[in-house]
Novice: 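Pasting a structure below so you can have a look.
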Protein chains: 2
Amino acid sequence: MSDLLERLRGRGWRLTSQRRVVAEVLDGEHVHLTADEVHARAADRLPEISRATVYNTLGELVALGEVLEVATDGRARRYDPNAHRAHQHLVCSGCGAIRDVHPHGDPLAALPAAERFGFAVTAAEVTYRGLCPDCRP
Amino acid sequence: MSDLLERLRGRGWRLTSQRRVVAEVLDGEHVHLTADEVHARAADRLPEISRATVYNTLGELVALGEVLEVATDGRARRYDPNAHRAHQHLVCSGCGAIRDVHPHGDPLAALPAAERFGFAVTAAEVTYRGLCPDCRP
DNA sequence: TCCTAACTTGGACTTTGTCCAAGTCAACAC
DNA sequence: GTGTTGACTTGGACAAAGTCCAAGTTAGGA
């Protein structure tokens with residue numbers, strides 16, 4: 001993730017302690033935190049960080065393509081730092097747990113031209129749903 | 001949609017004017033309204049209907065499997081009455097327009113057992129994203 | 001026609017997210 | 001180092017989306 005910070009600096013980002021902390025919190029794989037969770041963890045290291053800054057920073061990371069925004073339920077958006085490796089999400093209908101998964105084939109290929117209605121289609125997001133081992137009956 | 005009301009009565013639903021109006025508003029294909037839009041249209045016919053009742057009724061219809069809840073963005077949930085015919089959604093990144101689409105093949109089949117992590121996977125929701133003809137450059 | 005559990009209502013409240021004026025500070029120039 | 005400045009941060013107010021509840025109403029069976 002430290003390369004991320006360097007990359008962002010290369011793009012003209014000002015490297016503040018707040019942005020550093022947000023980037024650190026998002027470090028890793030299989031991370032799918034809500035903005036408030038990011039704020040809570042960031043505040044552990046930098047207690048005076050404000051919600052507005054966390055929202056701003058997450059929005060910038062998404063705009064730069066460094067972080068993915070995922071809407072797996074109708075609740076809070078989640079932020080996925082694993083933006084550079086194509087993947088989809090498997091969500092537990094019981095407890096809400098999320099896993100990154102890698103289906104085979106390109107989901108985009110399954111949509112025939114006749115079903116595109118003149119859209120310039122650029123992406124396909126797949127959410128698989130089911131019960132995780134802990135929630136199975 | 002009148003069969004819907006009959007079906008629901010068969011399941012022990014009390015058939016109130018509020019529920020009837022919500023079901024009527026949701027009638028049709030290619031309908032993807034937010035709860036507040038449903039409330040606004042319902043209030044045209046039944047001005048005193050409350051938001052709480054609309055939320056309750058939508059929640060019940062979803063629980064009964066008669067209506068699908070779709071989260072195409074991180075904003076308001078949308079309600080799709082076309083629950084009995086398998087389909088996916090194509091969303092315009094510019095204006096938010098939504099179309100029902102029918103990709104070929106079963107998206108569930110693309111997820112190998114090794115990528116299911118012990119989940120009992122039951123559904124796959126695909127959101128295709130792109131620019132609609134009106135929003136294309 | 002009456003009764004009652006089920007339904008509806010309005011409003012208070014929570015969660016999630018946005019906006020803004022005022023204050024702060026990273027990075028550059030010197 | 002020091003100064004400067006525009007970008008960044010802050011807290012609080014606000015907005016949008018959704019939940020909850022006590023009190024009032026009513027569909028449908030007896």
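Every chain is numbered from 1 and lettered A, B, ... according to where its sequence line falls, protein lines coming before strand lines.
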Novice: Want to settle it: does B/R75 or B/T53 sit nearer the 5' end of DNA chain C, counting the closest nucleotide to each?
Specialist: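 Taking each residue's closest nucleotide, the earlier one in sequence belongs to B/T53.
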Novice: Would you please confirm or rule out a distance under 4.0 Å between OP1 or OP2 of D/dG18 and any side-chain N or O of B/Y55?
Specialist: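 Yes, such a contact exists.
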Novice: Taking 4.0 Å as the cut-off, does a side-chain nitrogen or oxygen of A/R14 come that near to OP1 or OP2 on C/dC28?
Specialist: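 Looking at the OP1 and OP2 atoms of C/dC28, neither is under 4.0 Å from any side-chain N or O of A/R14.
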Novice: Which whole-number value in Å describes the distance from B/L46 CG to C/dC7 P?
Specialist: 17 Å
Novice: Tell me whether B/R116 at atom CZ has more than 12 heavy atoms from other residues, nucleotides or ligands lying less than 6.0 Å away.
Specialist: yes
Novice: Could you tell me whether the phosphate oxygens of D/dT9, OP1 or OP2, come under 4.0 Å of any side-chain nitrogen or oxygen in A/T16?
Specialist: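 A/T16 to D/dT9 OP1/OP2: side-chain N or O found under 4.0 Å.
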Novice: Under 4.0 Å: is that the gap between some side-chain N or O of B/R51 and OP1 or OP2 of C/dT9?
Specialist: no
Novice: Between C1' on D/dA27 and CG on B/L5, what's the gap in Å once rounded to a whole number?
Specialist: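 Rounded to the whole Å, the gap is 15 Å.
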Novice: Distance check needed: D/dA17 C1' versus A/D73 CG, whole Å only.
Specialist: 13 Å
Novice: Quickly work out the A/L58 CG to D/dT9 C1' distance and round it to whole Å.
Specialist: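 In whole Å, D/dT9 C1' and A/L58 CG are 15 Å from each other.
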Novice: Is any NZ, NE, NH1 or NH2 atom of the basic residue among B/E24 and B/R41 found under 4.0 Å from an Asp or Glu carboxylate oxygen of the other?
Specialist: no
Novice: Map A/R78 and A/W13 onto DNA chain C by nearest heavy atom, then report which one ends up closer to the 5' terminus.
Specialist: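 Nearer the 5' end of the strand: A/R78.
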Novice: Of all the choices, C/dT8, D/dT10, C/dA27, which nucleotide is nearest to the side chain of A/N56 once you look at every atom?
Specialist: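 Shortest atom-to-atom distance from the side chain points to D/dT10.
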Novice: With a 4.0 Å cutoff (strictly under), does any side-chain N or O of A/R77 reach OP1 or OP2 of C/dT18?
Specialist: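 For A/R77, the contact criterion (side-chain N or O under 4.0 Å from OP1 or OP2 of C/dT18) is met.
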Novice: Could you check how far CG of B/L15 sits from C1' of C/dT8, rounded to whole Å?
Specialist: 15 Å
Novice: Aromatic rings A/H89 and A/H32: how do their planes relate, parallel, tilted or perpendicular, breaks at 30° and 60°?
Specialist: perpendicular
Novice: Take atom CZ of B/R11 and atom P of D/dA27, then tell me their distance rounded to the nearest Å.
Specialist: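 Going from B/R11 (CZ) to D/dA27 (P), I get 22 Å.
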Novice: Looking at B/Q18, I'd like to know whether one of its side-chain N or O atoms comes within less than 4.0 Å of OP1 or OP2 on C/dT9.
Specialist: yes
Novice: Are A/E69 and A/R78 ion-paired here, with the side-chain N under 4.0 Å from a carboxylate O?
Specialist: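 Answer for the salt bridge query: no.
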Novice: To the nearest Å, give me how far apart CZ (A/R9) and C1' (C/dA27) are.
Specialist: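 Checked: the CZ to C1' distance equals 9 Å.
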Novice: Mapping B/A76 and A/S50 onto DNA chain D by nearest heavy atom, which one lands closer to the 5' end?
Specialist: A/S50
Novice: Does the pair B/D36/B/R51 count as a salt bridge with the N-to-O cut at 4.0 Å?
Specialist: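 Counted as a salt bridge, because a side-chain N and a carboxylate O are separated by less than 4.0 Å.
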Novice: Nearest whole Å is fine: how far is D/dG24 P from B/E48 CD?
Specialist: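 Going from CD in B/E48 over to P in D/dG24 covers 18 Å.
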